[in-house]
Amino acid sequence: MADHEVADLAFRFVECINRQDLDGLLDLMTEDHSLYVLGDHDVIGKENQREAWRGYFDLCPEYMIHVWEMHVRGQTAILVGSTTGSHLKLPRLDEFRDPLIWTAKVRDGKVGEWALHHLTDENRNSLGIA
């Protein structure tokens, strides 16, 4: 896929999350999709994603990802931004001020891996967005 197609797929993935469109989100995933959250949790397989995302949407009905920076490195989209409405239950402004990195690894026209990382210089360097 071309860079603009990888970026578009990642943006559509975020849009589904922000709308809590579970069916749309699942349609954008590979069957063996992997979810990694700050290296602590992983969920493997599309059906397991259904349960994980449904649970998160139920827990955090106002969850949103706000992207302000996008990079594409091969078949990986790298998004920098912040969230509001997460499980942290912080005031929106406090949560918004805590930047994060998401990576969307694309395979066969779908997102094969979605990962959340802390925004650190080390992570920026390792992802090639320093």
Side-chain angles (χ1 to χ4, degrees):
M1 293 178 80
D3 286 1
H4 71 276
E5 293 170 309
V6 172
D8 183 63
L9 181 58
F11 278 128
R12 287 187 291 135
F13 201 83
V14 169
E15 289 165 357
C16 285
I17 291 169
N18 287 351
R19 287 191 314 267
Q20 297 197 1
D21 177 2
L22 184 57
D23 289 334
L25 190 60
L26 293 169
D27 285 345
L28 297 176
M29 294 179 186
T30 61
E31 290 299 320
D32 62 345
H33 180 91
S34 300
L35 168 67
Y36 298 97
V37 179
L38 304 174
D40 290 335
H41 305 284
D42 58 7
V43 179
I44 310 296
K46 187 187 265 189
E47 283 310 307
N48 293 329
Q49 302 301 329
R50 178 184 309 278
E51 296 306 314
W53 281 106
R54 181 182 297 133
Y56 200 75
F57 291 157
D58 288 346
L59 178 67
C60 305
E62 296 181 4
Y63 180 70
M64 290 190 73
I65 296 173
H66 310 275
V67 176
W68 62 72
E69 187 179 325
M70 163 74 85
H71 306 270
V72 176
R73 299 292 182 265
Q75 297 298 290
T76 300
I78 304 158
L79 303 90
V80 179
S82 60
T83 62
T84 54
S86 79
H87 65 283
L88 298 175
K89 305 294 185 205
L90 296 171
R92 287 182 190 277
L93 187 56
D94 291 347
E95 184 175 7
F96 187 78
R97 288 179 175 157
D98 186 19
L100 298 162
I101 298 173
W102 293 265
T103 53
K105 293 185 179 180
V106 174
R107 185 171 21 90
D108 300 324
K110 298 205 178 228
V111 177
E113 178 184 296
W114 181 251
L116 173 64
H117 315 267
H118 289 291
L119 178 59
T120 63
D121 289 340
E122 180 181 343
N123 283 341
R124 274 188 170 278
N125 287 335
S126 71
L127 292 168
I129 61 167

Peer 1: Knowing that exactly one of T84, T83, L116 qualifies, which makes a side chain to side chain contact (heavy atoms under 4.5 Å, CB included) with I65?
Peer 2: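 That would be T83.
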Peer 1: Could you see if F13 belongs to whatever hydrophobic cluster contains Y63? Use Ile, Leu, Val, Met, Phe, Trp, Tyr and a side-chain cutoff under 4.5 Å.
Peer 2: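 Yes, same cluster.
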Peer 1: Are V72 and I129 grouped together when hydrophobic residues (ILVMFWY) are joined by side-chain heavy atoms under 4.5 angstrom apart?
Peer 2: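 Result: no, two separate clusters.
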Peer 1: Only pairs at least two apart or in different chains count here, so list each salt bridge (charged side-chain N to carboxylate O under 4.0 Å, His left out) that has a residue in residues 86-104.
Peer 2: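 Sorted pair list: E62-R92.
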Peer 1: Can you tell me if K105 has over 12 outside heavy atoms packed within less than 6.0 Å of its NZ?
Peer 2: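 Atom NZ in K105 is not packed in, count stays at 12 or less.
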Peer 1: With the side chain counted from C-beta on, respond yes when V80 and I101 share a heavy-atom pair under 4.5 Å apart, and no when they do not.
Peer 2: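 Yes - at least one pair of side-chain heavy atoms lies under 4.5 Å apart.
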Peer 1: Find out if a path of hydrophobic residues (ILVMFWY) with successive side-chain heavy-atom gaps under 4.5 Å connects V37 to L88.
Peer 2: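 No; L88 is not reachable from V37 via cluster members.
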Peer 1: Please state whether the rings of W114 and W102 are parallel, tilted or perpendicular, taking 30° and 60° as the class boundaries.
Peer 2: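 Parallel, since the angle between the ring planes stays under 30°.
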Peer 1: Of all heavy-atom pairs between D32 and I44, which one has the smallest distance, and what is that distance?
Peer 2: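 Minimum heavy-atom separation between D32 and I44: O-CG2, 4.3 Å.
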Peer 1: Under the rule for side chain to side chain contact (heavy atoms under 4.5 Å, CB included), what residues qualify as partners of A115, not counting sequence neighbours?
Peer 2: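 A115: side chain to side chain contact (heavy atoms under 4.5 Å, CB included) contacts with Y36, T103, E113, H117.
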Peer 1: Indicate, with yes or no, if L28 and F57 share a hydrophobic cluster defined by side-chain heavy-atom contacts under 4.5 Å among Ile, Leu, Val, Met, Phe, Trp and Tyr.
Peer 2: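 Yes, F57 connects to L28 through the hydrophobic network.
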Peer 1: Rounded to the nearest 0.5 Å, how far does OG1 of T76 lie from NE2 of H71?
Peer 2: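 One gets 13.0 Å once the value is rounded to the nearest 0.5 Å.
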Peer 1: Taking all heavy atoms of A130 and all of N125, pick out the closest pair and write down the distance.
Peer 2: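 Closest approach of A130 to N125: CB-OD1, 2.8 Å.
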Peer 1: Keeping to residues at least two apart or across chains, list the salt bridge (charged side-chain N to carboxylate O under 4.0 Å, His left out) pairs with something in residues 66-85.
Peer 2: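 Pairs touching residues 66-85 that pass the test: E69-R124.
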Peer 1: Using every non-hydrogen atom in the two residues, find where A10 and A77 come nearest and quote the distance to one decimal.
Peer 2: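 It is CB-CB, 3.5 Å.
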Peer 1: First locate atom CG of L93, then atom CG of L90, and finally report the distance between them rounded to the nearest 0.5 Å.
Peer 2: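 Interatomic distance, L93 CG to L90 CG, rounded to 0.5 Å: 10.5 Å.
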Peer 1: Hey, what do you get for CG (L100) to CG (L38), rounding to the nearest 0.5 Å?
Peer 2: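 Taking CG in L100 and CG in L38, the distance rounds to 7.0 Å.
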Peer 1: List the residues meeting side chain to side chain contact (heavy atoms under 4.5 Å, CB included) with L26, not counting sequence neighbours, and say none if there are none.
Peer 2: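 So L26 forms a side chain to side chain contact (heavy atoms under 4.5 Å, CB included) with L22, M29, K46, Q49, R50.
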Peer 1: Would you mind listing every salt bridge (charged side-chain N to carboxylate O under 4.0 Å, His left out) that reaches into residues 1-16, with sequence neighbours excluded?
Peer 2: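 Salt bridge (charged side-chain N to carboxylate O under 4.0 Å, His left out) check on residues 1-16 returns D8-R12.
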Peer 1: Quick one, Q75 and R107 - any side-chain contact, counting heavy atoms below 4.5 Å?
Peer 2: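 Heavy-atom side-chain distance check fails, nothing below 4.5 Å.
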Peer 1: By the ring pair (Phe, Tyr, Trp, His ring centres under 6.0 Å) test, which pairs, at least two apart or in different chains, include something from residues 78-97?
Peer 2: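 Listed once each, the pairs are Y56-H87, H66-F96, W68-F96.
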Peer 1: Is there a path from L9 to I17 through hydrophobic residues (I, L, V, M, F, W, Y) whose side chains come within less than 4.5 Å of each other?
Peer 2: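 Linked, L9 and I17 end up in one cluster.
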